[in-house]
Amino acid sequence: MDDTTTEPTAGLDFIRTIITEDRVSGKHEGRVATRFPPEPNGYLHIGHAKSICLNFGVAREFGGTCNLRFDDTNPAREETEFVEAIKDDVRWLGFDWDNLHFASDYFEQLYAYGVQLIRDGCAYVDSLTADEIRSSRGTLTEPGRESPHRGRGVDENLEMFRRMRAGEFEDGAHVLRARIDMASPNINLRDPVLYRIRRAHHHRTADAWCIYPLYDFAHPPSDALEHITHSLCTLEFEAHRPLYDWLVNNLTVPARPRQIEFARLNLTYTVMSKRRLLELVQERHVNGWDDPRMPTIVGMRRRGYTPEAVRNFCDRIGVAKRENMVDVAHLEHAVREDLNKRSPRIMGVVDPLRVVLDNYPEDLTETFEIANNPEFPSTGTRRVPFARELFIEREDFMEDPPKKFFRLAPGREVRLRGAYFVTCVSVVKDARGAITELRCTYDPATRGGDAADGRKVKATLHWVAVKTSIEAEIRLYDRLFTAETPGAEHDYREDLNTDSLQVRMARLEPSAAAAAPGDRFQFERLGYFCVDPDSTDRRLVFNRTVTLKDSWARFSAGA
RNA sequence: UGGGGCGUGGCCAAGCGGUAAGGCGCGGGACUUUGGCUCCCGUAUUCGGAGGUUCGAAUCCUCCCGCCCCAACCA
């Protein structure tokens, strides 16, 4: 509080620091306007979420605005399907744009800007082929060569550009180029191409145009037209900034936005490029863009992640300029933290092992009242039936347990959550020696789960009564890749986790029957699960969003 | 290689000349009808390296090293 007045930028990331300083100095009249500019050629992923949280977050924090602008300057790969999906994703994350724009809305204006550059001697129509342009661009160490058409007169350029638009030339026959400096050490300034002829159906302008501006040319004036103050983008555009500024300076634009670059998000065990995500979908390594294993917003949504968790994650990883590789554990932590607070608990057994209570009446069924969330009594209770035959988790029993195993074992007593203490008296096996059933006794004096004599027990197990349990399909997801950096040493496909999805038929307490797609639960001791839209009236399908932290699993795996 | 950027603990990340925040992870403990949650404690004598300036440097200067981006009519 006090320190924000004395040190207004303390603790802020470098972008918020710049914005704070700009407001203090009165730049842009103190306004803050950002934009999130996706290309509608794929689904948004967690990396985009970082950008969305930054752009919309900054606008929100500084009382500014944030537009959603589709960068649709390449009709060959952009589709309406993606624009709708992107809008959904932004809204799902909890943001709303002040204005919705498309770069294609500016095509007429951009064309006029092209004309202006020609008139000012700042651009020319080149008739070299793409290959010729490439080979004359020079290399990192050698300057480029000027095109023989670089000296075309203004009138001829104007006429050629008009005819390009009119469709009088073949695709690729000519391009509009900025006249900057073929010897610039910054390759992006060696007369970059501004417009190309490309007869392709555009998702919004249809066939109205056969010439399309390139990103480098379209973006700066688009920002300016929207009076964007801070144009935030990722590091790879850093070398383009001189071109950005050159255009803002040479065009008659209504504002002077500033481009600021930050480091994109990289996540361990995750692949983030659109190309790879597309391949995962097309090659059927996953079941679509919304496969819960995908780092896409739709995938995470289906997996059961909450927008709050994703936002908290983005806030916590921060924004800086250094390359980073964020541990997925950060994301999982954010998810658990949020889900722990909001998820009602239920019991479900994913790998059932039958338990028979020898001393429990054959046809008695009791009902226990169990808290939906012990940490929040206000969330109420539910009724869970209990009977002589139960299922417990197979891994909660060991015939010959190691020292640190606290769960059920021959002769050992444990608590069945909310019900009774039970003691294992014998193990039933089949002909091959596999355990098929446990015979136990229960202590009627521990009804509800507490022993009147103060006796303690080292473990509490989840359970389900055989006859009242319902069956459900459970999809257990693991990370999609086994390598921290997929593709670091060979094709990323070789790092695919062949066991990233396990489908199980589980037994759930009957209260789960009322669950509807999207509902989230904590299956006690197992993890957070949400109901998948694949669910039908006959069978519920649950996705495991994330496991609970499990120090026993960590210990036993390391032992 | 020319240009542009970046190097603070295992992973993020503050720090902006006054003697290394915080989070994640990890280790230990308390509590516990989830081996969950929560709560404590611990986890960089040191900031890519070497010099220099200074009473004092992660912060300033010099040189060196490493990593990333740019040679699409992609964004």
Side-chain angles (χ1 to χ4, degrees), chain A residues 9-13 17 37-39 41 71 73-74 76-78 126 128-131 133-135 137-144 171-172 174-177 184-190 192-198 211-212 214-216 218-219 233-242 261 263 268 274 313 316-334 336-337 340-341 345 347 370-371 373-375 404-407 415-419 421 446 448-450 457-462 522-527 547-556:
Chain A
T9 63
L12 295 180
D13 59 63
T17 298
E39 181 186 15
N41 69 340
D71 241 319
T73 57
N74 186 353
R77 43 186 233 178
E78 293 150 7
D126 199 357
L128 258 27
T129 64
D131 280 345
I133 288 177
R134 189 178 311 121
S135 60
R137 184 144 26 224
T139 67
L140 294 180
T141 51
E142 306 156 27
D171 283 13
H174 310 283
V175 293
L176 182 70
R177 285 233 251 174
S184 172
N186 181 343
I187 292 179
N188 298 298
L189 259 23
R190 319 240 262 229
V193 173
L194 270 22
Y195 261 98
R196 77 284 217 180
I197 303 173
R198 170 107 102 232
I211 59 172
Y212 293 94
L214 276 90
Y215 165 87
D216 276 331
H219 211 82
C233 63
T234 42
L235 252 28
E236 66 270 26
F237 293 103
E238 207 152 22
H240 295 237
R241 193 172 61 225
E261 313 83 12
T268 55
K274 280 189 180 179
F313 166 73
R316 258 178 294 208
I317 56 173
V319 178
K321 295 198 73 162
R322 83 180 73 102
E323 298 285 344
N324 59 75
M325 177 61 76
V326 176
D327 193 327
V328 272
H330 280 103
L331 216 207
E332 292 173 351
H333 172 264
R336 289 190 183 104
E337 178 182 52
N340 176 51
K341 287 181 295 193
R345 268 114 250 234
M347 292 193 285
I370 299 180
N373 189 335
E375 288 173 49
K404 310 260 284 194
F405 186 84
F406 306 149
R407 281 109 96 146
R415 170 168 40 235
L416 293 184
R417 163 129 247 207
F421 282 11
T446 58
D450 266 318
V457 98
K458 293 188 83 173
T460 299
L461 310 187
H462 58 279
Q522 181 197 103
F523 286 10
E524 290 221 31
R525 305 207 305 133
L526 296 179
T547 61
L548 253 34
K549 274 175 65 179
D550 187 345
S551 53
W552 164 249
R554 214 179 329 120
F555 169 79
S556 59

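By convention in this document, chain letters (A, B, ...) are assigned in the order of the sequence lines, proteins followed by strands, and residues within each chain are numbered from 1. Predicted model only: the values in this text are computed from it and were never measured.
Of the residues near RNA chain B, A:Arg417 and A:Tyr195, the one whose nearest nucleotide (by heavy atom distance) lies more toward the 5' end is A:Arg417. Closest-nucleotide positions on RNA chain B for A:Gly11 and A:Ala130 were compared, and the one nearer the 5' end corresponds to A:Gly11.
Counting non-hydrogen atoms under 4.0 angstrom, A:Thr460 reaches the backbone sugars and phosphates but no base. Note on A:Arg415: a base of the nucleic acid sits closer than 4.0 angstrom, heavy atoms only. Residue A:Asp450 is classed as a base contact, given a heavy-atom separation below 4.0 Å to a base. Residue A:Phe421 is out of contact with every strand shown, counting any heavy-atom pair closer than 4.0 Å. When heavy atoms are screened at a 4.0 angstrom cut-off, A:Glu238 is found touching the sugar-phosphate backbone but no base atom. Using a 4.0 Å heavy-atom distance criterion, A:Thr129 is classed as a base contact. Residue contacts shown for A:Ile133 include a base, since a base heavy atom lies under 4.0 Å away. If you check every strand for non-hydrogen atoms under 4.0 Å, A:Leu128 touches a base. A:Lys404 comes within 4.0 angstrom of a base, heavy atoms only. Across all strands shown, A:Arg336 has no heavy atoms under 4.0 Å from either base or sugar-phosphate atoms. Residue A:Ile317 is in sugar-phosphate contact alone, with no base atom involved, counting any heavy-atom pair closer than 4.0 Å across all strands shown.
Once the 5.5 Å centre distance and the 30° plane angle are applied, the aromatic ring of A:Trp552 is found stacked with the base of B:G35. Stacking between A:Phe406 and B:G35 is present: the aromatic ring centre lies within less than 5.5 angstrom of the base six-membered ring centre, and the two planes differ by under 30 degrees.
The shortest distance between side-chain heavy atoms of A:Lys321 and A:Glu238 falls below 4.5 Å. Under the 4.5 Å side-chain criterion, counting only non-hydrogen atoms from C-beta, A:Ile197 is not in contact with A:Tyr212. Using a 4.5 Å heavy-atom cutoff, the side chains of A:Tyr215 and A:Glu39 are not in contact.
A:Glu375 contributes a side-chain N or O that forms a donor-acceptor pair with the base of B:G36 under 3.5 Å.
Comment: A:Asp171 does not engage A:Arg198 in a salt bridge, judged by the lack of any side-chain N to carboxylate O separation of less than 4.0 angstrom.
For the residue pair A:His462 and A:Arg417, no side-chain donor N or O sits within less than 3.5 Å of a side-chain acceptor on the partner.
Within the 4.0 Å cut-off from OP1 or OP2 of B:C11, not a single side-chain nitrogen or oxygen of A:His330 is found.
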